[in-house]
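The block underneath contains the structure these notes are about, expressed in structure tokens.
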Amino acid sequence: MRARKYLVSGQVQGVGYRDFAARVARELGLRGWVRNLSDGRVEAYAAGPARRLEDFEGRLRKGPQAAEVRRVEVEDITDDAGTDVRIEGFDIR
């Protein structure tokens, strides 16, 4: 089990990006959440097998049709909080 945090910049709020990210994560069987940040970015946390996280990142970089993704920052989470077994499913916050 691996975990990563993603910060997505561009035109990513008000275009269905969180719904898109949650749908993709659920399709891939990942656990975690996605939320809007006050600075206009979207933040996502996802946990699962490394290959599925790579697939998730690739889809985040494209985004839904109405979005314009300019940048995706990725951070591997290595502490105990990063593999929080209490998280079930994938939520929009």
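For this chain, numbers begin at 1 and follow the sequence in order.
For Y45 and Y6, the ring centers are positioned 6.0 Å apart or more.
V74 approaches R61 most closely through the heavy-atom pair CG2-NH2, 4.1 Å. What you find for P64 and V15 is that their closest heavy atoms are CG-O, 3.8 Å. Heavy-atom minimum distance, G40 versus V12: O-CG2, 3.6 Å.
In this structure, R26 contributes its side chain and F90 its backbone to a donor-acceptor pair below 3.5 Å.
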Q) Please walk me through it: do L7 and V72 pass side chain to side chain contact (heavy atoms under 4.5 Å, CB included)? A) CA-CA 6 Å; L7 292 173; V72 177; over 6 Å; no
Q: Please test R18 against V8 for side chain to side chain contact (heavy atoms under 4.5 Å, CB included), starting from the C-alpha separation and ending with a verdict.
A: CA-CA 11 Å; R18 290 179 302 157; V8 185; over 6 Å; no
(Q) Set out, in order, the CA-CA distance, both residues' side-chain angles and the distance that settles side chain to side chain contact (heavy atoms under 4.5 Å, CB included) for V34 and V42, then state yes or no. (A) CA-CA 7 Å; V34 61; V42 168; 3.4 Å; yes
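By the 4.5 Å heavy-atom criterion applied to side chains, R31 and E88 are not counted as neighbours.
Hydrophobic clustering of Ile, Leu, Val, Met, Phe, Trp and Tyr side chains at less than 4.5 Å, counting indirect connections, unites L60 with I92.
Under the 4.0 Å criterion applied to side-chain N and carboxylate O atoms, E73 and R41 are assigned as salt-bridge partners. Between D55 and R51, at least one side-chain nitrogen of the basic residue sits less than 4.0 Å from a carboxylate oxygen of the acidic one, meeting the salt-bridge criterion.
Contacts of R52 classified as side-chain hydrogen bond (donor to acceptor under 3.5 Å, both in side chains), with partners at least two apart in sequence or in another chain: none. By the side-chain hydrogen bond (donor to acceptor under 3.5 Å, both in side chains) test, E27 pairs with R23, sequence neighbours left out.
In R71, the CZ atom is not crowded: 12 or fewer heavy atoms of neighbouring residues, nucleotides or ligands sit closer than 6.0 Å.
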